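Accompanying notes for the structure given below.
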Amino acid sequence: MNKATRKTVIAGNWKMNMTPAETTAFINELAPMVAGKDGCDIVLCVPFVDIANAVEAAKGTNIKIGAENVHFKESGAYTGEISAKMLNACGVEYVVIGHSERRQYFGETDQTVNLRTLAAVNAGLTAIVCVGETLEQRELGYTETLLKYQTKMALTNVKPEQLANIIIAYEPVWAIGTGVTATADQADEGNGFVRAAVEEMFGKAAAEAVTVQYGGSMNAKNAAELLSKVNVDGGLIGGASLKTADFTVIVDAAQ
Ligand code: PEP
């Protein structure tokens with residue numbers, strides 16, 4: 001399997017934006033703009049409170065709905081948390097795990113990323129697992145080591161057959177929400193390190209089959225160049241996923 005046969009996935013990460021009413025309006029506007037564009041899977045990862053509206057508005061369209069986080073326990077005394085089973089029951093198909101904002105502000109660790117990943121895939125969700133180096137780590141020359149470490153930690157105890165439900169998003173921390181995009185070659189190289197880690201754990205065929213996205217200031221202008229790279233199988237998009245026109249241009253670039 002190679003880029004031509006791997007699944008390309010364009011996923012928006014709305015972060016802490018949009019009310020339920022805004023969600024309905026956004027998807028009603030986006031749906032006709034991306035209708036029939038099935039060269040990639042199209043996903044919107046939305047805040048928990050927007051899920052019901054998003055799932056309803058996306059019915060009968062080619063837009064799939066994801067969440068932005070998931071707890072790793074099935075149920076119990078975890079006030080304020082949401083389980084994978086709950087998300088599944090609400091019609092959610094994808095979930096972002098280990099986003100750098102969660103690592104930076106909410107105490108997310110490689111261990112909890114791994115637990116959340118296992119919980120998600122065991123419940124039948126597709127996990128979009130985020131990895132990425134800070135600028136300091138890049139400047140010290142640790143990018144490859146760190147990306148391989150984060151990838152292997154996240155995939156610990158994942159069964160080979162569950163890899164089909166895992167997407168890895170390489171998101172250099174210095175490129176997220178900053179307007180500074182990795183060059184297409186940097187994105188390709190980072191995604192290649194992630195793929196190499198998958199190969200070291202699961203073998204060549206698994207590494208060739210796994211979808212690896214790039215994320216970090218991907219937008220309507222730079223998407224085509226980033227997505228042309230052999231190791232870039234789609235994008236995880238923050239800011240540009242909040243505008244239907246920009247998001248559609250990125251979907252078009254992935255066709
Ligand atoms: C993200 O939130 O994962 C992201 C990549 O954000 P942005 O596109 O705004 O950099």
Side-chain angles (χ1 to χ4, degrees), residues 9 11-20 23 41 43-58 63-132 146-147 149-171 173 176-177 194 197-198 201 210-213 215 236-238 241:
V9 181
N13 170 27
W14 279 4
K15 315 195 189 205
M16 197 172 70
N17 293 294
M18 300 272 197
T19 63
T23 298
D41 283 2
V43 182
L44 292 176
C45 297
V46 307
F48 291 133
V49 295
D50 296 332
I51 286 171
N53 285 49
V55 168
E56 183 60 31
I63 300 168
K64 295 172 182 175
I65 302 306
E68 298 179 14
N69 191 22
V70 63
H71 197 257
F72 37 85
K73 295 287 186 181
E74 277 184 22
S75 62
Y78 302 100
T79 302
E81 295 295 330
I82 305 286
S83 73
K85 189 176 162 192
M86 291 170 178
L87 293 177
N88 208 338
C90 290
V92 165
E93 294 179 68
Y94 292 76
V95 60
V96 177
I97 293 173
H99 192 277
S100 66
E101 287 151 17
R102 298 219 59 89
R103 293 179 191 256
Q104 193 177 346
Y105 305 129
F106 302 104
E108 189 80 79
T109 66
D110 290 313
Q111 283 79 12
T112 55
V113 168
N114 175 237
L115 292 175
R116 291 182 212 282
T117 302
L118 293 171
V121 294
N122 286 336
L125 300 172
T126 295
I128 301 177
V129 181
C130 303
V131 298
L146 190 97
L147 291 181
Y149 176 80
Q150 288 185 341
T151 302
K152 289 181 180 181
M153 286 293 286
L155 300 184
T156 299
N157 294 326
V158 167
K159 300 185 186 93
E161 63 272 20
Q162 291 177 318
L163 265 190
N165 286 336
I166 292 184
I167 293 167
I168 303 168
Y170 166 50
E171 297 211 308
V173 178
I176 297 176
V194 168
V198 175
M201 276 184 101
V210 71
T211 294
V212 185
Q213 296 174 318
L236 182 59
I237 299 121
S241 74

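On a predicted model such as this, the values are computed, not experimentally measured, just so you know.
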If the condition is salt bridge (charged side-chain N to carboxylate O under 4.0 Å, His left out), which residues does R102 pass it with, not counting sequence neighbours? none

To the nearest 0.5 Å, what is the distance between [atom1] ([X]) and [atom2] ([Y])?
X	Y	atom1	atom2	result
N114	L155	CG	CG	8.0 Å
F106	N69	CZ	CG	9.0 Å
I65	L44	CD1	CG	5.0 Å
Y78	H71	OH	NE2	6.5 Å

If every non-hydrogen atom of [X] is compared with every non-hydrogen atom of [Y], which pair is closest and at what distance?
X	Y	answer
V129	A154	CG1-CB, 3.7 Å
V198	L163	CG1-CD1, 4.1 Å
G98	R103	O-NE, 2.9 Å

State which residue, out of V173, I176, V96, fulfils the side-chain contact (heavy atoms from CB on, under 4.5 Å) condition with E101. I176

When N88, I82, V95 are each screened for side-chain contact (heavy atoms from CB on, under 4.5 Å) with V70, the one that passes is V95

Suppose we screen for side chain to side chain donor-acceptor pair (under 3.5 Å). Which residues come up paired with E108, at least two apart in sequence or across chains? T112, R116

Quick one: does D110's side chain have a donor or acceptor within less than 3.5 Å of a partner on Q150's backbone? no

For W14 and S241, indicate whether the former's side chain and the latter's backbone hold a donor-acceptor pair under 3.5 Å. yes

For a quick test of your reading: what N or O donor-acceptor pairs under 3.5 Å do the side chains of residues 46-58 make, sequence neighbours left out?
unit_1	atom_1	unit_2	atom_2	d
D50	OD2	T23	OG1	3.4
N53	ND2	P20	O	3.1
N53	ND2	T24	OG1	3.0
E56	OE1	K59	NZ	2.9

Just wondering, are more than 12 heavy atoms of other shown residues or ligands nearer than 6.0 Å to NZ in K152? yes

Check this for me: E81, atom CD, are more than 12 non-hydrogen atoms of other residues, nucleotides or ligands nearer than 6.0 Å? yes

Among residues at least two apart in sequence or on other chains, which ones pass ring pair (Phe, Tyr, Trp, His ring centres under 6.0 Å) with Y149? none

Side-chain touch N13/E68, heavy atoms, less than 4.5 angstrom: yes

Donor-acceptor contacts under 3.5 Å from residues 117-125 side chains, at least two apart:
unit_1	atom_1	unit_2	atom_2	d
T117	OG1	V113	O	2.7
N122	OD1	Q162	NE2	2.7
N122	ND2	L118	O	3.1

Those residues that, when tested against A169, pass side-chain contact (heavy atoms from CB on, under 4.5 Å) (two or more places apart): I128, C130, E171, Q213, L236

